[in-house]
Participant: 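Pasting a structure below so you can have a look.
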Amino acid sequence: MAQKPGIPKGTRDFSPTEVAKRNYIFSTIKEVFETYGFQPIETPSFENYSTLMGKYGEEGDRLIFKILNSGDYLKKVDEAILVSKNSVKATSQISEKALRYDLTVPFARYVVQHQNDIVFPFKRYQMQPVWRADRPQKGRFREFYQCDADVVGSKSLWQEVEFVQLYDAVFSKLKLLGTTIKLNNRKILAGIAEIIGEKDKLIDFTVALDKLDKIGAEGVSKEMLLKGISEEAIKKVTPLFNFNGTNQEKLNQLEELLKNSEEGIQGVKDLRFVVNNVETLGLQSANLELDVTLARGLNYYTGAIFEVSAPKNVKMGSIGGGGRYDDLTGIFGLKNISGVGISFGLDRIYLVLEELNLFKEVDLPKPTILFLNLGESEASFCMKALVELRKHQIKSELYPDTAKMKKQMNYANKREIPFVVIVGSKEIELDKYTLKNMHTGDQKLCDLQELMNISI
RNA sequence: GUGAUUGUAGCUCAGCUGGUUAGAGCGCCGGAUUGUGGUUCCGGAGGUCGCCGGUUCGAAACCGGUCUUUCACCCCA
C-alpha cells in the first residue's frame, strides 16, 4: 500500500517560481547588507541543547525543537524521572542537541568561540532557516528564514541610526513602500516602571503595554491589574495610552514624564540621538515612529528596540525586528561586549510582496532552446550543437526521448521555451538546423553560428 | 499549550434531512493529425470520501478520538 505523501505541519515545499521569488528577496537583502559593510557567516542547523536552553525564556524553551539522542537513549535516564513522567527533566537526559531557534544566540556563541579571530567591531550577516515548535498560523511557520545583521563590539548609537537606514534601504529596494520602523528603548520602559514604582514588574508591565493597539487602553489596564500592578501606578501611565504627535513631541513629553528617572532620561537622550540623525539623513520610503508600547524581545534587549510593520493596508505581523543587547556574549563568558542587530523575516516579507503584487517578473532558469529528438542519429547530431551552445552560455537542452513531435512541442510549450530546433534527416544532410520561434510560429533553416546569435 | 475551523480524483470543488454502481470542471494519457505546439473534437485511466473506532438494516454524511489545513489566544519573524 502506497504511503500518502506529506510534510510536517508548518513546513512548506517551494516550487521553482517560489524559489526564484525568494531568491530575489534574499539577494536584495544580501546586497544591502554588504553595501553597509556586513560579512556573512553561517552556523550549524543544530546547536548543543545547553547552548539554546534558557536563552529565550520559558516559552522559548517549549518552542525549541529537541533532537533525540542516538542509540538506546532511554537506558541512561534516571528511573525516578521516567516514573515521575517529568518531561522537562527527561528531555535534558534524552536530548543533547536542538535545532536553531534564532540566529542571535548562535551568533553570540560564535563570537565567543572565535573571539581571537574576529576583528572588532564585528559586523556579520546571516541568512539561514530557524525552527520553532509553534502552532502555525498566518505568517507563522515552524521552519522559516531569518536574515540578520548585527554589530558586536561597539556601543555607538550610530549603529542604531545605520540600522534604521538599512531597513529603509531594503524595503525601498523591494518597492515595499510605506513600512513603519518602530523604535523604542528599554531604558524608557525601565524609567516608566521606576516612576510608577513598579520597577520589579517591568516585564509584566511592558508585555501588557505592548498589547495596547490590540486590546485597547481598557484591556491593558485590566491586564496590568491582573499582574498585580497598582491602580495608582496605572493612573500614572495613562498618558501613554494616548501618546501621539510627532517623534519630537513625543520625546518632549517623555522627557517631562521621566525627569525623575536617571535611566529614563538616558533613554530619551539615546532616542533623541537616533531620531534626530535619521531625520537629518532622511529616509527613502519608510516611516520612523517612536512607539513606547514596543516591548518585544525584552528578555535580552537593553537599549534600542526595533520592529518593522508592513504597510498599513496589509494584515501581517512584524516583518522585522531587532535591538541592542549590552551583554550579548556574557552568558558564554565574554563580558562587556555590546551588540546591536536587526532581523528580516523573509517568509513574511514574501507574503506581503505577494499580497501587494510586488514581485517583478521573476527569471525562471529555463532553456532558450529545446532540440527535438527525432531519433538516435538526429539526437547525436543535436548534441554536438548543444556542446557549442553551452560553451557560449546559451541555455539549451535536448528532449531526452525519441517521442512524437506533438508531445515534444507540447513540452516546449508548457515550459515556455521560446525556441525549438528541429533536426531530421533533411537537416543532417544539409548540416543545418530548423529553428522555430514558438511565439510567432516562424521557422527558418540556419547554421550553427546563427543559432549562437539567438538572444532572448 | 488553549479555543475554533478544514479534509471527497493530481488540482479546484459538487454530493439535498444517512439509502444501493460517489460526480463536474481543469489537468493527465491516447486518438483524429506517423516532420510541427498553443485551438477544437472523440475516447480513457484515476477515489477503500484524511485515519481509527462507534451508532445504524445501511455512513462521504451522525458521534468520539487522532492527524492535517486555516484562524485567534499565548508568544513571535
Side-chain angles (χ1 to χ4, degrees), chain A residues 1-12 15 25 29 56-64 87-88 100-104 127-148 167 203 207-208 210-211 214-215 219 223 294-299 306-310 315-323 341-352 370 372-375 378 399 402-428 434-443 445:
Chain A
M1 168 112 173
Q3 189 188 339
K4 212 171 196 176
I7 56 175
K9 197 201 297 212
T11 63
R12 297 147 300 154
S15 69
I25 303 174
I29 295 173
Y56 310 101
E58 205 178 313
E59 179 76 5
D61 283 355
R62 197 171 59 81
L63 297 178
I64 291 173
S87 302
V88 176
R100 183 169 54 212
Y101 177 86
D102 73 356
L103 300 178
T104 306
M127 307 199 288
Q128 290 189 280
V130 301
W131 294 269
R132 296 186 187 176
D134 219 350
R135 219 181 255 205
Q137 53 178 284
K138 189 173 185 188
R140 172 179 291 187
F141 309 98
R142 300 214 291 184
E143 177 183 62
F144 62 98
Y145 271 77
Q146 289 192 330
C147 309
D148 279 31
Y167 265 138
I203 302 282
V207 165
D210 193 27
K211 294 180 188 160
K214 216 172 204 172
I215 58 178
E223 178 155 339
L294 178 59
R296 295 300 167 86
L298 211 70
N299 285 324
F306 300 111
E307 182 170 304
V308 184
S309 32
K315 205 166 161 274
M316 176 64 64
S318 64
I319 55 177
I342 56 169
S343 179
F344 289 85
L346 176 110
D347 303 82
R348 287 188 176 175
I349 293 172
Y350 183 102
L351 291 173
V352 172
L370 173 76
L372 298 196
N373 184 336
L374 301 179
E378 289 89 340
Y399 192 87
T402 303
K404 282 191 179 154
M405 193 173 278
K406 178 187 170 97
K407 191 172 171 147
Q408 303 192 43
M409 283 289 191
N410 243 321
Y411 172 81
N413 222 23
K414 279 184 197 140
R415 287 194 63 195
E416 297 178 319
I417 297 173
F419 293 99
V420 157
V421 165
I422 305 162
V423 169
S425 48
K426 196 168 71 193
E427 284 83 359
I428 293 179
T434 295
L435 178 67
K436 181 182 178 83
N437 180 323
M438 292 298 278
H439 187 62
T440 62
D442 298 341
Q443 54 187 69
L445 207 59

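These numbers come from a predicted model, not from an experiment. First the proteins, then the strands, lettered A, B, ... as listed; each starts at 1.
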Participant: If you only use heavy atoms from C-beta on, which nucleotide in B:A72, B:G35, B:C76 is closest to the side chain of A:R135?
Facilitator: B:A72
Participant: Provide the distance between the two P atoms, one in B:U39 and one in B:G27, to the nearest whole Å.
Facilitator: 8 Å
Participant: Which nucleotide, in any strand shown, forms a Watson-Crick or G-U wobble pair with B:U36, with both distances under 3.5 Å?
Facilitator: none
Participant: Looking for any heavy atom pair under 4.0 Å, which part of the strands does A:I422 touch: base, sugar-phosphate only, or nothing?
Facilitator: base
Participant: Could you please name the option among B:G37, B:C75, B:G35 that lies closest to any side-chain atom of A:L63?
Facilitator: B:C75
Participant: Tell me whether the side-chain N/O atoms of A:K406 come closer than 4.0 Å to OP1 or OP2 in B:U36.
Facilitator: no
Participant: Need the pair for B:A24. Rule: Watson-Crick or G-U wobble, both distances under 3.5 Å, any strand; none if unpaired.
Facilitator: B:U12
Participant: Starting at atom CG of A:D134, determine the distance to atom P of B:U2, rounded to an integer number of angstrom.
Facilitator: 14 Å
Participant: Which one, B:C74, B:C71, B:U36, comes nearest to the side chain of A:K138?
Facilitator: B:C71
Participant: Between B:G30 and B:G46, how many Å separate the two P atoms, rounded to a whole number?
Facilitator: 16 Å
Participant: Nearest to the side chain of A:K9 - B:U69, B:U36, B:G37?
Facilitator: B:U69
Participant: For A:Y350 and A:I25, which heavy atoms make the closest approach, and how far apart are they?
Facilitator: CA-CD1, 3.7 Å
Participant: Classify A:G60 by what it touches in the nucleic acid, base, sugar-phosphate, or nothing, heavy-atom distance under 4.0 Å.
Facilitator: nothing
Participant: Please figure out whether A:Y145 or A:I7 has its closest RNA chain B nucleotide nearer the 5' end.
Facilitator: A:I7
Participant: With heavy atoms under 4.0 Å as the rule, sort A:G424 into base, sugar-phosphate or nothing.
Facilitator: base
Participant: Quick one: label A:E143 by what it contacts on the DNA or RNA (base, sugar-phosphate, nothing), any heavy atom closer than 4.0 Å.
Facilitator: nothing
Participant: Using a heavy-atom cut-off of under 4.0 Å over every strand shown, decide if A:K404 touches base, sugar-phosphate, or nothing.
Facilitator: sugar-phosphate
Participant: Please measure how far the P atom in B:G64 lies from the corresponding atom in B:G25, and state the result in whole Å.
Facilitator: 36 Å
Participant: Which part of the nucleic acid, if any, lies within reach of A:Q146 when heavy atoms closer than 4.0 Å are counted: base, sugar-phosphate only, or nothing?
Facilitator: sugar-phosphate
Participant: Answer with base, sugar-phosphate or nothing: what part of the nucleic acid does A:T104 contact at a heavy-atom distance below 4.0 Å?
Facilitator: nothing
Participant: With sugar-phosphate meaning primed atoms plus P, OP1 and OP2, does A:G322 contact a base, only sugar-phosphate, or nothing at under 4.0 Å between heavy atoms?
Facilitator: nothing
Participant: Please determine if A:R132 forms a cation-pi arrangement with A:F144, meaning its NZ or CZ atom is less than 6.0 Å from the six-membered ring centre and no more than 45° off the ring axis.
Facilitator: no
Participant: Using the C1' atoms only, state how far B:C41 lies from B:U48, rounded to an integer number of Å.
Facilitator: 35 Å
Participant: With rounding to whole Å, what would you report as the distance between B:G38 and B:U70 at their P atoms?
Facilitator: 36 Å
Participant: Between A:D148 and A:T104, is the side chain to side chain contact (heavy atoms under 4.5 Å, CB included) condition met? List the steps.
Facilitator: CA-CA 8 Å; A:D148 279 31; A:T104 306; 3.6 Å; yes
Participant: Would you say the ring centers of A:F344 and A:Y167 fall short of 6.0 Å from each other?
Facilitator: yes
Participant: Given that A:L374 and A:S318 both sit by RNA chain B, which one's nearest nucleotide is further toward the 5' end?
Facilitator: A:L374
Participant: Is there aromatic stacking of A:F144 against B:A77, centre distance under 5.5 Å, plane angle under 30°?
Facilitator: yes
Participant: So if I take every side-chain heavy atom of A:K414 and compare against B:A32, B:C74, B:C28, which nucleotide ends up nearest?
Facilitator: B:C28
Participant: For A:Q443, answer base if it contacts any base atom (sugar-phosphate contacts may also be present), sugar-phosphate if it contacts only those atoms, and nothing otherwise; contact means non-hydrogen atoms under 4.0 Å.
Facilitator: base
Participant: Which listed nucleotide (B:U36, B:C73, B:C75) is nearest to the side chain of A:Q137?
Facilitator: B:C73
Participant: Under 4.0 Å between any heavy atoms, over every strand shown, what does A:V207 touch: base, sugar-phosphate, or nothing? Just pick one.
Facilitator: sugar-phosphate
Participant: Give none if B:G53 has no partner; otherwise give the nucleotide forming a Watson-Crick or G-U wobble pair with it, both distances under 3.5 Å.
Facilitator: B:C63
Participant: Under 4.0 Å between any heavy atoms, over every strand shown, what does A:N413 touch: base, sugar-phosphate, or nothing? Just pick one.
Facilitator: base
Participant: Taking the C1' atom in each of B:A14 and B:G23, what is the distance between them to the nearest angstrom?
Facilitator: 7 Å
Participant: Side chains of A:T434 and A:Q443: any donor to acceptor distance under 3.5 Å?
Facilitator: no
Participant: Among A:L346, A:L103, A:I29, find the one that has a side chain to side chain contact (heavy atoms under 4.5 Å, CB included) with A:M127.
Facilitator: A:I29
